Structure formats: C-alpha cells, structure tokens
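Source: prediction; values computed, not measured. All chains are named by letter (A, B, ...) in the order of the sequence lines, taking the proteins before the strands, and each is independently numbered beginning at 1.
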Amino acid sequence: GAGVSQSPSNKVTEKGKDVELRCDPISGHTALYWYRQSLGQGLEFLIYFQGNSAPDKSGLPSDRFSAERTGGSVSTLTIQRTQQEDSAVYLCASSLARISGQETQYFGPGTRLLVL
Amino acid sequence: QKEVEQDPGPLSVPEGAIVSLNCTYSNSAFQYFMWYRQYSRKGPELLMYTYSSGNKEDGRFTAQVDKSSKYISLFIRDSQPSDSATYLCAMSAGPGSARQLTFGSGTQLTVLP
C-alpha cells in the first residue's frame with residue numbers, strides 16, 4: 001500500500017528565498033507531524049496536526065516557519081526567507097493506530113533542503 | 001544537556017556479531033520507548049516499541065528498558081549486512097504528549113559481510 005510521500009525529494013535554494021515542502025500522509029491517518037533532521041542530530045519536532053484540532057506549533061524554530069494541512073490530508077511546510085542553517089532533511093510522519101495510547105508514526109522519505 | 005543521549009558511533013561489526021545499542025535519558029516522565037531504523041536516504045521505520053521497564057523480544061531484536069537507571073538498549077543477535085543502518089531511540093511521556101517523540105541523535109551501524 002501507499003506510504004507517506006513527500007515532495008520534492010531534494011531542494012536547493014538561495015538564501016532569502018521561500019520554499020514549500022509537501023507531505024501526503026497515509027490515507028485515513030488523522031495525525032500528521034513534521035520533523036527536521038540535521039546532520040548528526042536527532043529528529044527535531046516542528047509541528048503536529050490532529051484532525052480538526054488546532055495544530056501544535058510548539059516546535060517551530062521561528063516565525064519564518066509555518067505549516068498548513070488542507071482537508072485533513074495533504075500538508076505543506078513553508079519556510080520564508082530561508083537561511084543556511086535551515087539546511088536539513090525535513091521529515092513528515094502520519095499516524096492512526098494507538099498502542100496503549102501511543103500513536104505509531106510512519107515516516108516519509110524526507111525532503112533534503114540545501115540553502116546556499 | 002540533551003534530554004536523550006545516544007552515542008553516534010559509527011559502529012562497525014562483523015556479520016553474526018551481537019550488537020548493543022544504547023540511549024540514556026534525563027526525563028523521568030518518559031514511559032514509552034521506541035527504536036527506529038533508518039536506512040540511508042529513507043525515513044525512519046519503527047522497529048521496536050516498549051512501554052515502561054522490561055524486555056521485549058522480536059526475532060533477532062531485543063529491547064530493554066531500565067527506568068531506574070534511565071537507560072534503554074537494543075540488542076541485535078546474529079547481525080546481518082542488511083542491518084546496516086542508523087538506529088534512533090525515541091521516547092515520550094505518555095498519551096497526553098504521545099504526539100511528541102524525543103529522539104536520540106542516532107547510532108550508525110555497519111555490519112561487515
């Protein structure tokens with residue numbers, strides 16, 4: 001079956017430009033997460049969407065970062081005025097199943113962003 | 001100090017060896033513990049899940065949690081070249097915050113044929 005897909009797989013941009021990263025979650029999954037993975041670092045939580053609830057934006061590093069989820073499905077992560085320190089792999093995950101209260105997250109392959 | 005500490009490696013072992021991967025953590029509220037495997041240029045995939053202290057075995061993989069020491073381990077028996085990947089530990093405090101996982105930085109493992 002189809003897993004989580006992300007596009008583009010790679011993105012090279014110039015400092016100061018805006019970028020949009022897209023995530024298509026697994027069909028029927030109500031929860032969607034964005035993480036950032038920098039070289040040698042663990043996954044850093046960015047934002048979480050659950051159904052129609054207000055998103056948990058507590059992980060967004062600055063106001064240059066924003067995300068939306070349309071129709072409870074596809075999500076777009078937007079980075080405005082990109083900086084070199086934004087270079088990282090941006091991972092999206094979705095979840096449905098609960099294991100004793102813990103949601104199992106399924107990850108996409110990520111978008112590799114390089115800001116020159 | 002990071003909430004979750006994990007030795008980044010790299011760790012290189014011969015095929016058939018027993019591999020031990022470990023994480024320590026500082027937040028005593030963590031109750032759910034996971035190990036993810038991430039192949040190069042792929043997203044992480046859930047390998048093992050454990051709730052609270054104890055052991056869990058799945059095939060060649062065994063996960064151990066020692067909450068008193070704030071220490072978790074993943075053991076891989078009879079390691080195979082296909083096990084070569086980065087292994088990430090992850091944990092969360094409970095259903096109320098289950099949506100947020102705190103990850104270790106990952107240990108890069110290479111199993112040599």
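Residue contact with chain A, scored on non-hydrogen atoms closer than 4.5 Å, involves the backbone and the side chain of P44(B) alike. Using a 4.5 Å cut-off between heavy atoms, L43(A) touches chain B through backbone and side chain atoms alike. When heavy atoms are compared at a cutoff of 4.5 Å, Q108(B) does not approach chain A at all. In this structure, no portion of S38(A) lies under 4.5 Å from any heavy atom of chain B.
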Applying side-chain contact (heavy atoms from CB on, under 4.5 Å), run through Y35(A) and L101(B) and close with a yes or a no. CA-CA 10 Å; Y35(A) 293 88; L101(B) 297 178; 4.1 Å; yes
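A 4.5 Å side-chain heavy-atom check between Q105(A) and M34(B) finds every atom pair outside the cut-off.
At a threshold of 4.5 Å between side-chain heavy atoms, the hydrophobic network of Ile, Leu, Val, Met, Phe, Trp and Tyr places F49(A) and I79(A) in one connected group. Under the 4.5 Å side-chain heavy-atom criterion for ILVMFWY residues, no single connected hydrophobic cluster contains both V4(A) and L113(A).
Atoms CZ and CG, from F107(A) and L46(B) in turn, are 9.0 Å apart once rounded to the nearest 0.5 Å. For the atom pair OG of S105(B) and CD of Q37(A), the computed distance is 10.0 Å after rounding to the nearest 0.5 Å.
Around the CD atom of E68(A), the shell of radius 6.0 Å holds no more than 12 heavy atoms that belong to other residues, nucleotides or ligands. Within a 6.0 Å sphere centred on NZ of K2(B), other residues, nucleotides and ligands contribute more than 12 heavy atoms. The neighbour count for E14(A) CD, taken as heavy atoms of other residues, nucleotides or ligands under 6.0 Å away, does not exceed 12. Applying the 6.0 Å contact sphere to CG of L116(A) captures more than 12 heavy atoms from other residues, nucleotides or ligands.
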